[in-house]
Each structure stands twice: as structure tokens, then as C-alpha cells.
Amino acid sequence: MKKPSLHQPILFFFLATLLPLILTVHSQPSPSPSPSPSPSPSPSDDSDFIQRSCNTTLYPDVCVSSLSNFSTYVHNDPALLARAAISVTLSNALELGKYLSNVSTLLEIHEDGGHHPTAAAVFHDCFENLKDAVDEMRDSMKQMRDLVTTGSLESFRFQMSNVQTWLSAALTNEETCTDEFKDVQDEPRKDEVCARVDGVKKLTSNALALVNRCVDNAIH
């Protein structure tokens with residue numbers, strides 16, 4: 001039986017327009033009451049902080065290259081670094097989603113002529129899994145923006161546990177995305193898609209590791 005046509009993913013284009021706002025800082029640190037505040041960290045200190053933090057991830061080189069431009073933004077703050085990592089991951093996932101949408105639509109057209117039925121279904125399933133991952137990243141970003149660090153430790157841990165849960169679910173969806181590609185033969189875009197999904201998985205894994213580090217720093 002012929003599958004329903006894939007609708008253009010309006011969600012992805014809507015989200016893409018919001019990306020410039022994702023890293024907006026909603027609250028700034030309170031001014032120090034001291035008449036002689038400590039000097040701001042130097043750029044080298046910020047870069048060293050990112051390097052040390054990335055060394056705790058599974059893919060440190062990917063981590064450093066993806067976050068080095070945020071060194072002056074994070075100011076040695078583990079929460080801001082984790083937030084930046086989620087933002088970068090979401091941006092890459094959105095770009096991948098648009099690409100998957102185009103490929104799925106193209107294969108669906110070919111399927112009408114009897115070509116690539118398995119590939120069309122697999123690309124469609126991968127796209128749907130990635131949409132779920134994007135939703136979970138958005139939830140994580142919202143929680144990080146709304147993060148309250150002035151309350152109890154239990155409250156902080158609860159908020160961060162939400163982020164950890166959503167990012168873990170996003171990582172699972174990304175892994176599921178490529179599970180069925182082993183059944184796809186003679187599809188020239190298969191290797192590129194798997195490589196791009198693998199890149200997003202590495203970014204997601206790193207973001208989760210930095211969130212975990214943020215929690216550990218608050219507890220110890």
C-alpha cells in the first residue's frame with residue numbers, strides 16, 4: 001500500500017528563524033558590591049576553560065572546534081558552556097533535517113516510478129526521528145535559559161535532570177535514525193547521511209557530557 005506523502009517540515013524552517021535568539025542572555029550577573037571587582041578572565045583563560053571542559057567529553061576535538069567561538073561568551077561558566085553546546089547541536093540538527101527532508105521528497109517521487117522504496121521509507125523514518133531529537137533539544141535549551149541557580153541544590157538538580165533526560169532521548173533518536181540504513185543498497189546519499197547524523201550524534205554526546213559536568217561542579 002502506498003505511504004502518505006511527506007509534508008514539508010514547517011517546524012524546521014520556523015525553528016531556523018529562532019536560532020539567532022537561542023543564545024540571548026536573559027539575565028546578567030549582578031554587579032559586585034566590592035569597589036574593586038576582580039578583572040574579567042582573559043581570552044586565554046576562556047579558551048583554556050573550554051579546552052579543559054572539552055577534555056571530559058568523548059569527542060574533545062569536535063568539542064573544542066565547535067565551541068571555540070563562544071570563549072568570550074561563556075566566561076568560565078559551565079552552565080553557559082553547556083547551553084552553547086546545546087545551541088550548536090540544535091543548529092546542526094536543523095540543517096541536517098532540511099537536507100533529509102529534501103532527500104526524502106526526492107526519493108518519494110522516485111518511488112512513484114517504482115524506484116528506491118526501501119530507501120524512501122528509511123530516509124523518512126530517519127527524518128521523523130531527527131524531528132523528535134530537535135524537539136528534545138529545544139526543551140533542553142528552554143530549561144537552560146530558565147535555569148535558576150539561586151535556589152536549593154535539589155531544585156537545581158531537578159532542572160538539570162530534565163536537560164539530561166531530553167538530551168539522552170535526543171541521542172537515542174539520532175542513533176535510531178540510522179539503524180535501518182543497513183537495509184538500504186545502492187543509494188548514493190546513504191554514506192553522506194550516515195556521516196552527517198554521526199556528526200550530530202557527537203555534538204549531542206558532547207553537550208550531554210558538558211551538562212553532566214555542570215551538575216558535578218555544582219554538587220562538589
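Please read these numbers as outputs of a predicted model, since none were measured by experiment.
- Lys201 contributes atom NZ, which lies 13.5 Å from atom CG of Asn206 (distance to the nearest 0.5 angstrom).
- Using a cut-off of 4.0 Å between Lys/Arg side-chain N and Asp/Glu carboxylate O, Asp135 and Lys131 are scored as not salt-bridged.
- Classification of Lys98 and Glu95 as a salt-bridged pair holds, one side-chain N sitting under 4.0 Å from a carboxylate O.
- There is no side-chain donor-acceptor pair under 3.5 Å between Glu174 and Asn129.
- Note that CD1 of Ile50 and OG of Ser71 are 5.0 Å apart. Values are rounded to the nearest 0.5 Å.
- For Ser161 (side chain) and Phe158 (main-chain N/O), a donor-acceptor pair under 3.5 Å exists by modelled atom type.
- Between Ala170 and Thr204, the shortest heavy-atom distance links the atoms CB-CG2, 4.4 Å.
- At least one donor-acceptor pair closer than 3.5 Å links the side chain of Thr89 to the backbone N or O of Leu203.
- Counting only distance, with no hydrogens or angles, the side chain of Thr176 and the backbone of Thr172 share a donor-acceptor pair below 3.5 Å.
- For the residue pair Cys54 and Pro60, the shortest heavy atom distance occurs at O-CB, 3.3 Å.
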request  = Please report the C-alpha distance between Arg189 and Leu106 in whole Å, then the side-chain angles of each, then the deciding distance to 0.1 Å, and finally whether the side-chain contact (heavy atoms from CB on, under 4.5 Å) criterion is met.
outcome  = CA-CA 11 Å; Arg189 285 152 293 214; Leu106 181 61; 2.9 Å; yes
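- Across all their heavy atoms, Ala218 and Leu153 have their closest contact at O-CD1, 4.1 Å.
- A donor-acceptor contact shorter than 3.5 Å links the side chain of Lys190 to the backbone of Val184.
- Here the shortest heavy-atom pairing between Phe49 and Pro78 reads CZ-N, 3.7 Å.
- Ala79 approaches Leu147 most closely through the heavy-atom pair CB-CD2, 4.2 Å.
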task = Check the pair Leu167, Glu136 against side-chain contact (heavy atoms from CB on, under 4.5 Å), reporting the backbone distance first and the verdict last.
result = CA-CA 7 Å; Leu167 287 179; Glu136 288 146 357; over 6 Å; no
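- Of the inter-residue distances, the one linking His75 atom NE2 with Phe70 atom CZ reads 13.0 Å to the nearest 0.5 angstrom.
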request  = Output, in order, the C-alpha distance, side-chain angles, deciding distance and verdict of side-chain contact (heavy atoms from CB on, under 4.5 Å) for Val163 and Ile86.
outcome  = CA-CA 10 Å; Val163 179; Ile86 298 170; 4.1 Å; yes
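- Under a hydrophobic-cluster definition in which Ile, Leu, Val, Met, Phe, Trp and Tyr are linked whenever side-chain heavy atoms come within less than 4.5 Å, directly or via other members, Val88 and Val62 are assigned to the same cluster.
- Look at Asp198 and Lys202 and you find a salt bridge, because one of the NZ, NE, NH1 or NH2 atoms lies within 4.0 Å of a carboxylate O, short of that distance.
- Asp139 and Gln143 share no donor-acceptor pair across their side chains, judged by distance under 3.5 Å alone.
- Hydrophobic clustering (side-chain heavy atoms under 4.5 Å, transitive across Ile, Leu, Val, Met, Phe, Trp, Tyr) keeps Leu96 apart from Leu171.
- Rounding to the nearest 0.5 angstrom, the gap separating the CG atom in Leu208 from the CG atom in Leu210 is 9.0 Å.
- Residues forming a ring pair (Phe, Tyr, Trp, His ring centres under 6.0 Å) with Tyr59 (at least two apart in sequence, or on another chain): none.
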Residues Met137, Trp166; criterion side-chain contact (heavy atoms from CB on, under 4.5 Å); working and verdict = CA-CA 7 Å; Met137 291 177 205; Trp166 285 319; over 6 Å; no
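- Counting only residues at least two apart or on different chains, the ring pair (Phe, Tyr, Trp, His ring centres under 6.0 Å) pairs with a member in residues 174-197 are Phe123-Phe181.
- Here the closest heavy-atom approach between residue Ala82 and residue Met144 is recorded as CB-CE, 4.1 Å.
- In terms of modelled atom types and a separation under 3.5 Å, the side chain of Ser101 and the main chain of Gly97 share no donor-acceptor contact.
- Atom CG of Asp216 and atom CZ of Arg213 lie 9.0 Å apart (nearest 0.5 Å).
- To the nearest 0.5 Å, the span separating OG on Ser53 from CG on Asp48 amounts to 10.5 Å.
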